[in-house]
Amino acid sequence: MKGKKGLRRSHGCGLLRQDDVGQEVILMGWVQRRRDHGGLIFIDLRDRSGVVQVVLSPEYHLESFQRGEEVRSEFVLAIKGLVSSRPEGTINPNLGTGDVEVYAQELRILNRSKTPPFYIKEEVNVEENVRLKYRYLDLRRPDMQRNLITRHWAAKAVRDYLSQEGFIEVETPMLTRSTPEGARDFLVPSRQSPGNFYALPQSPQLFKQLLMISGLERYYQIARCFRDEDLRADRQPEFTQIDIEMSFCDQEELLGIMEGMMAQVFAQVMDVELPLPFPRLSYREAMARFGTDKPDLRFGMELVDVSALVAQSEFKVFRSVVEGGGQVKGLNLIGGTSLTRREIDELTGYVAQFGARGLVWLRVTGDGVNSPIAKFLSPREKEDLCNILKAQEGDLLLLVAGPARVVADSLGHLRLHLAEKTGLIPEGKLNFVWIVDFPLLEWDEEEKRYRAMHHPFTSPVEEDLELLQSAPEQVRAQAYDLVLNGVELGGGSMRIYKRELQEKMFATLGITAAEAREKFGFLLEAFEYGTPPHGGIAFGFDRLVMLLTGSENIRDVLAFPKTTSGTCLLTGAPATVEERQLRDLHLKNI
RNA sequence: GGAGCUGUAGUGUAGCGGUGAACAUGCCGGCCUGUCAAGCCGGAGAUCGCGGGUUCAAAUCCCGUCAGCUCCGCCA
């Protein structure tokens with residue numbers, strides 16, 4: 001009676017309902033739990049669809065009952081049995097299948113199991129390294145399965161939508177060449193070309209542009225990308241992008257199609273109807289009001305520029321910062337006077353990591369404004385500050401002075417930090433926003449040169465072209481990011497499609513003509529054979545799934561993620577290799 | 001590269017200079033016919049991450065190191 005010969009699964013455990021009562025079913029799954037009452041055994045049998053209670057009764061079927069005594073957690077069973085209504089008073093309202101149970105007429109142990117290192121159930125309270133080492137067990141848990149299933153449905157919704165809009169899925173090489181700019185590449189040594197290396201793609205950027213030159217017109221790919229940089233809660237060294245490119249479109253058309261895609265994904269996966277079109281903010285406005293280019297619009301607490309109000313202040317720090325071309329900005333934590341001195345001191349430490357030299361606070365109380373700098377502020381200044389920050393009794397004003405970049409960084413992060421700390425972020429809101437009109441370039445102080453803010457293939461806004469030489473930092477890009485609840489979901493641009501402009505762009509970035517020819521010669525040459533105007537976008541698919549599943553960590557939406565230090569605790573990767581393998585690759589350890 | 005938090009039976013935690021390292025759960029055995037976190041009785045299970053130092057004495061204090069996590073830098 002061992003083996004599964006002759007039995008075929010007829011139902012999913014978790015799907016059985018009152019309607020199925022009287023049916024003979026064959027279930028296969030794992031033992032979630034066994035409750036042995038001596039004369040009666042209950043087994044919670046789990047498969048992907050859920051859990052159902054199996055009853056082993058010596059009166060109903062003695063052999064199954066006897067075999068059930070050796071069953072343990074995570075054994076794999078086949079059960080043939082009769083679906084029955086549960087007796088009065090034994091219904092379990094916490095279980096989808098709680099109205100019914102299955103009386104076993106046959107029990108086969110398809111496989112045994114060692115006692116698992118942790119209990120396989122919905123919520124888990126186990127250290128991450130244990131979960132990662134036994135990932136195959138962690139993935140048995142219903143909430144992890146739910147995440148992977150949601151991921152599947154999201155990918156399907158994307159494919160359905162793009163296919164219906166005429167986009168063609170094309171695979172591009174994983175073994176390609178290293179390019180300057182951008183993240184550190186993962187390199188793959190070549191056996192056949194001694195001393196040469198492939199690089200794993202950071203994104204299929206150049207290939208998708210070449211596909212436009214090839215006349216594909218509309219391309220997409222759910223593409224694995226690789227970046228050899230340090231990890232974060234939402235960053236893994238390999239991750240997945242929804243990569244999209246289209247010809248003969250302008251920015252407006254592209255954004256519209258992408259909004260449609262998001263709407264379809266959220267409709268199909270979450271059954272949520274997104275209001276279209278999404279609002280837009282210019283990069284400049286986002287930075288001014290939120291201190292970041294990925295603002296979380298689920299709550300207010302916006303940054304307010306008070307530089308003009310305090311320019312003449314007795315408080316020397318403010319005056320000198322404004323005179324030196326810096327800014328003084330603030331935000332209003334409504335009801336924030338309840339924060340203790342200690343908590344406020346912690347905030348000072350928090351903004352320090354973004355370069356803020358200090359954090360000025362003003363408590364608005366019934367007796368006026370209470371602040372360490374109160375004596376330096378005229379009554380007029382205090383009143384103006386309260387007015388412009390819309391402060392009322394009980395509010396706490398927090399000000400940072402410094403270079404614009406530092407002020408934005410500090411207050412932008414502080415805004416989020418405070419919102420999280422004080423529970424200001426409403427649940428269930430989906431605030432999409434397009435950020436547009438990015439600068440084309442940003443100055444790299446370390447390397448003393450301009451860097452492409454998006455990437456070197458991004459087209460400038462046409463009216464700004466003439467500024468490229470005279471005032472490069474003022475040139476706007478035809479680039480855009482989609483932000484949801486403060487998470488950068490994706491970004492893209494309209495591309496340069498003329499050789500001359502691309503060469504000019506490389507020159508502006510300090511890439512020599514020789515280097516451009518060597519690294520990107522194929523692209524420049526391709527531009528000369530009738531390149532259509534085109535543009536595209538790429539979305540971080542893992543982050544999208546995080547938002548769809550409410551996951552706080554990217555590991556929870558990946559089947560086999562890496563640790564923060566880039567290792568795999570399951571397989572032990574990365575690992576040493578045989579000397580022989582190194583020889584083949586013309587490599588040696590140093 | 002930097003900062004912080006955490007490492008104690010399989011798992012989750014307590015203990016924070018001095019008794020045989022405790023509790024819960026899981027595991028093993030026994031009893032038990034309506035449980036669903038089953039219950040009751042009994043039992044086994046720990047180089048206190050690793051190395052060094054201080055001390056009469058270290059899980060506990062100090063230094064270093066490793067691992068996991070979070071953040072900064074980095075991520076066009």
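Keep in mind that this is a model prediction, so the values were computed, not measured. The chains referred to below are lettered A, B, ... by the order of the sequence lines, with proteins before strands, and numbering in each begins at 1.
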Can you tell me how far [atom1] in [N] sits from the matching atom in [M], rounded to whole Å?
{"N": "B:C56", "M": "B:G49", "atom1": "C1'", "answer": "28 Å"}
{"N": "B:U8", "M": "B:U13", "atom1": "P", "answer": "8 Å"}
{"N": "B:U19", "M": "B:G7", "atom1": "C1'", "answer": "26 Å"}
{"N": "B:G29", "M": "B:C61", "atom1": "C1'", "answer": "44 Å"}
{"N": "B:A14", "M": "B:U6", "atom1": "P", "answer": "10 Å"}

Could you state the [atom1]-[atom2] distance from [X] to [N], rounded to the nearest angstrom?
{"X": "A:Phe42", "N": "B:C32", "atom1": "CZ", "atom2": "P", "answer": "16 Å"}
{"X": "A:Ile43", "N": "B:G34", "atom1": "CD1", "atom2": "P", "answer": "17 Å"}
{"X": "A:Asp185", "N": "B:C74", "atom1": "CG", "atom2": "P", "answer": "18 Å"}
{"X": "A:Lys121", "N": "B:G26", "atom1": "NZ", "atom2": "C1'", "answer": "11 Å"}

**Report entry** Summary of protein contacts for nucleotides 64-71 of chain B, nucleotide by nucleotide, where a base hit scores B, a sugar-phosphate-only hit scores S (4.0 Å, heavy atoms)
**Finding:** ----SSSS
Just distance, no hydrogens or angles: give the donor-acceptor pairs under 3.5 Å from side chains in residues 116-124 of chain A, sequence neighbours left out.
unit_1	atom_1	unit_2	atom_2	d
A:Tyr119	OH	A:Arg33	NH1	2.9

Which part of the nucleic acid does [X] contact within heavy-atom distance under 4.0 Å: base, sugar-phosphate only, or nothing?
{"X": "A:Arg451", "value": "sugar-phosphate"}
{"X": "A:Asn92", "value": "base"}
{"X": "A:Pro117", "value": "sugar-phosphate"}

Under a 3.5 Å limit for both distances, which nucleotide forms a Watson-Crick or G-U wobble pair with [N], could you say?
{"N": "B:C28", "result": "B:G42"}
{"N": "B:A3", "result": "B:U70"}
{"N": "B:U19", "result": "none"}
{"N": "B:C61", "result": "B:G53"}

Under 3.5 Å, which donor-acceptor pairs do the side chains of residues 74-90 of chain A form with other protein atoms, sequence neighbours left out?
unit_1	atom_1	unit_2	atom_2	d
A:Glu74	OE1	A:Arg46	NH2	2.9
A:Glu74	OE1	A:Arg140	NH1	2.9
A:Glu74	OE2	A:Arg46	NH1	3.2
A:Ser84	OG	A:Leu82	O	3.3
A:Ser85	OG	A:Gln18	NE2	2.5
A:Arg86	NE	A:Gly98	O	3.2
A:Arg86	NE	A:Val100	O	3.0
A:Arg86	NH1	A:Thr90	O	3.0
A:Thr90	OG1	A:Pro87	O	2.7

Requested in this report: Could I get the full list of ring pair (Phe, Tyr, Trp, His ring centres under 6.0 Å) partners for A:Phe42, not counting sequence neighbours?
Outcome: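 Only A:His37 meet the ring pair (Phe, Tyr, Trp, His ring centres under 6.0 Å) criterion with A:Phe42.
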Report task. State which residues pass ring pair (Phe, Tyr, Trp, His ring centres under 6.0 Å) with A:Tyr103; sequence neighbours excluded, sorted by chain then number. Result ->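 With neighbours one apart ignored, the set is A:Tyr60.
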Query raised in the report: Is any N or O donor-acceptor pair between the side chain of A:Tyr103 and the base of B:G34 shorter than 3.5 Å?
Result: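 Answer is yes: a donor-acceptor pair is held.
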Among [options], which nucleotide sits nearest the side chain of [X]?
{"X": "A:Arg235", "options": "B:G34, B:C75, B:C27", "result": "B:C75"}
{"X": "A:Asp230", "options": "B:G73, B:G34, B:G12", "result": "B:G73"}
{"X": "A:Asp44", "options": "B:U35, B:C36, B:C27", "result": "B:C36"}

Query raised in the report: What parts of residues 81-89 of chain A reach RNA chain B, counting only heavy atoms under 4.0 Å away?
Result: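 By residue number: A:Arg86, A:Pro87.
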Report task. Identify whether NZ of Lys or CZ of Arg in A:Arg415 sits under 6.0 Å from the centre of the six-membered ring of A:Phe299 and within 45° of that ring's axis. Result ->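 Pair A:Arg415/A:Phe299 counts as cation-pi.
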Query raised in the report: Relative to each other, are the rings of A:Tyr350 and A:Phe354 parallel, tilted or perpendicular (30° and 60° limits)?
Result: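 Plane angle over 60°, so perpendicular.
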Query raised in the report: Is A:Arg451 reaching over with its side chain to a backbone N or O of A:Leu509, donor-acceptor style, under 3.5 angstrom?
Result: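 No; zero donor-acceptor contacts below 3.5 Å.
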Requested in this report: Could you verify whether a donor N or O on one side chain and an acceptor N or O on the other, from A:Gln53 and A:Arg35, lie under 3.5 Å apart?
Outcome: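 Indeed, the side chains of A:Gln53 and A:Arg35 share at least one donor-acceptor pair under 3.5 Å.
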Requested in this report: With A:Arg495 as reference, evaluate A:Gln209, A:Gln478, A:Glu245 under the side-chain hydrogen bond (donor to acceptor under 3.5 Å, both in side chains) test and give the passing residue.
Outcome: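 Exactly one candidate clears the test, A:Glu245.
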Requested in this report: With RNA chain B as reference, determine whether A:Val126 or A:Ile91 sits nearer its 5' end, using the nearest nucleotide of each.
Outcome: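 Looking at the nearest nucleotide for each, A:Val126 comes out on the 5' side.
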Query raised in the report: What about the rings of A:Phe527 and A:Phe520, do their centers lie closer together than 6.0 Å?
Result: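 Ring-ring flag for A:Phe527/A:Phe520: false, centres at least 6.0 Å apart.
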**Report entry** Aromatic contact, A:Tyr480 with A:Phe438 (centres under 6.0 Å)
**Finding:**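 Ring centroids of A:Tyr480 and A:Phe438 are no less than 6.0 Å from each other.
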**Report entry** Centroid distance under 5.5 Å and plane angle under 30°, A:His37 vs B:A38
**Finding:**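 According to the criterion (under 5.5 Å, under 30°), yes, A:His37 stacks.
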**Report entry** A:Phe118 ring over B:U11 six-membered base ring, under 5.5 Å and 30°
**Finding:**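 Given the distance and angle limits, no, they do not stack.
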